[in-house]
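I have placed the structure first, in the form of structure tokens, so that the comments after it can refer back to it.
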Amino acid sequence: MHSGLILLLWLAAVASIQLLPPSALAIAVLGCALVALLLAPARARRLVRRVRVLLLAIVILFAWFTPGEALLVDWPRLGPTREGAALAALHAGRLLAVVCAVALLLERLSLDRLVSGLHALARPLRLIGVPPERLALRLLLVLRLVEATPRGSGPGHWKAWLLDEDEEGKVEPVRLQRERLSRADAVFALALFAALLWWSLA
């Protein structure tokens with residue numbers, strides 16, 4: 001399947017998760033976490049560690065600063081509120097679902113194909129004067145930097161990665177892959193567009 005279609009399906013799935021009610025969201029987050037731990041355990045744990053400060057900030061800001069009924073009766077002024085705890089769980093769950101979805105996407109789709117799909121989706125930006133090649137190239141460089149220097153390994157500073165050269169002293173060129181849209185992909189894209197149009201009009 002074309003990488004652009006894979007990204008569109010991924011975006012639709014992530015957007016659908018964000019629109020779920022709290023009861024269904026809990027099941028979706030649990031399912032995403034289990035699938036991510038089975039198919040991309042190392043990447044999922046690494047991404048969750050990187051957003052742990054943001055998760056803590058979400059819990060503190062919503063649970064302790066949202067007006068409502070005190071969750072701890074003995075310390076009503078110091079403890080969180082029920083309404084705030086519910087909002088914190090809702091937003092933290094949505095963030096965890098997105099993180100697990102990103103881990104699965106990066107695990108199953110190579111960096112070159114990922115950038116190729118984004119480049120294909122960004123082509124309409126050329127009409128407003130934004131070159132999609134520059135956006136794709138910058139994204140590819142950032143993703144290569146992140147993948148090449150995980151925590152605990154690699155150079156101690158990102159500038160060292162930029163100055164790194166191979167044994168012959170030549171810099172490896174960066175090439176943007178372009179995938180062709182097959183007939184099956186075109187039929188699938190038309191069917192998906194028709195289904196979305198029917199759903200929006202229903």
Side-chain angles (χ1 to χ4, degrees), residues 1-72 79-111 113-122 124-125 135 139 142-143 146 184-185 187-202:
M1 181 180 290
H2 193 278
S3 56
L5 290 178
I6 295 176
L7 286 176
L8 284 178
L9 292 175
W10 181 85
L11 290 172
V14 171
S16 300
I17 291 177
Q18 303 303 309
L19 298 177
L20 291 176
S23 57
L25 179 63
I27 300 175
V29 172
L30 182 60
C32 290
L34 291 176
V35 174
L37 290 177
L38 288 175
L39 301 180
R43 194 184 298 273
R45 287 194 294 266
R46 184 168 70 247
L47 291 179
V48 170
R49 285 197 302 268
R50 291 181 178 179
V51 299
R52 63 183 184 274
V53 177
L54 181 57
L55 288 172
L56 180 61
I58 289 175
V59 171
I60 293 176
L61 289 176
F62 281 99
W64 269 266
F65 292 92
T66 301
E69 182 183 358
L71 188 61
L72 302 176
T81 62
R82 295 184 182 275
E83 293 79 3
L87 287 176
L90 180 65
H91 291 283
R94 288 174 176 172
L95 178 59
L96 285 175
V98 172
V99 169
C100 293
V102 170
L104 291 172
L105 179 66
L106 295 178
E107 188 73 18
R108 295 300 171 180
L109 199 63
S110 64
L111 294 183
R113 291 198 65 200
L114 175 62
V115 176
S116 174
L118 290 174
H119 176 255
L121 296 178
L125 296 178
L135 294 177
L139 176 63
V142 170
L143 290 177
V146 172
D185 292 336
V187 172
F188 179 79
L190 290 176
L192 180 62
F193 176 76
L196 291 176
L197 183 62
W198 174 83
W199 180 76
S200 62
L201 296 177

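Counting from 1, the numbers follow the sequence of the chain as shown.
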Q.
Among residues at least two apart in sequence or on other chains, which ones pass side chain to side chain contact (heavy atoms under 4.5 Å, CB included) with Leu20?
A. Ala24, Leu25, Ala28

Q | Partner set under side chain to side chain contact (heavy atoms under 4.5 Å, CB included) for Val98, not counting sequence neighbours | A | Val14, Gln18, Val102

(Q) According to salt bridge (charged side-chain N to carboxylate O under 4.0 Å, His left out), who are the partners of Arg45, at least two apart in sequence or on a separate chain? (A)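 Salt bridge (charged side-chain N to carboxylate O under 4.0 Å, His left out) check on Arg45 returns nothing, list empty.
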
About how many Å separate [atom2] of [Y] and [atom1] of [X], when rounded to the nearest 0.5 Å?
X	Y	atom1	atom2	value
Leu47	Leu96	CG	CG	11.0 Å
Ile27	Cys32	CD1	SG	12.0 Å
Leu90	Leu95	CG	CG	11.5 Å
Leu87	Arg82	CG	CZ	14.0 Å

Q) Which heavy atom of Gly93 sits nearest a heavy atom of Val29, and at what distance? A) O-CG2, 3.2 Å

Q. Minimum heavy-atom separation for Ala12 to Ser16, with atom names?
A. O-OG, 2.7 Å

Q. What pairs of residues pass the salt bridge (charged side-chain N to carboxylate O under 4.0 Å, His left out) test when at least one of them lies in residues 9-19, not counting sequence neighbours?
A. none

Please tabulate, one pair per line, all N/O donor-acceptor pairs under 3.5 Å involving side-chain atoms of residues 33-42, not counting sequence neighbours.
none

Q.
Do Arg108 and Ile6 make a side-chain contact, defined as non-hydrogen atoms from C-beta onward lying under 4.5 Å apart?
A.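 When only atoms from C-beta onward are counted, Ile6 and Arg108 do not touch, as no gap falls below 4.5 Å.
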
Q: Output every pair passing side chain to side chain donor-acceptor pair (under 3.5 Å) with a member in residues 90-107, not counting sequence neighbours, ordered by first then second residue.
A: Arg43-Glu107

Would you be so kind as to tabulate the donor-acceptor pairs closer than 3.5 Å made by side chains of residues 60-68, with sequence neighbours excluded?
unit_1 : atom_1 : unit_2 : atom_2 : d
Trp64  : NE1    : Leu78  : O      : 2.7
Thr66  : OG1    : Phe62  : O      : 2.6

Q. Tell me the ring-ring contact (aromatic ring centres under 6.0 Å, His included) pairs involving residues 3-39, sequence neighbours left out?
A. none

Q.
Once ring-ring contact (aromatic ring centres under 6.0 Å, His included) is applied, what residue pairs with a partner in residues 20-55 remain, sequence neighbours excluded?
A. none

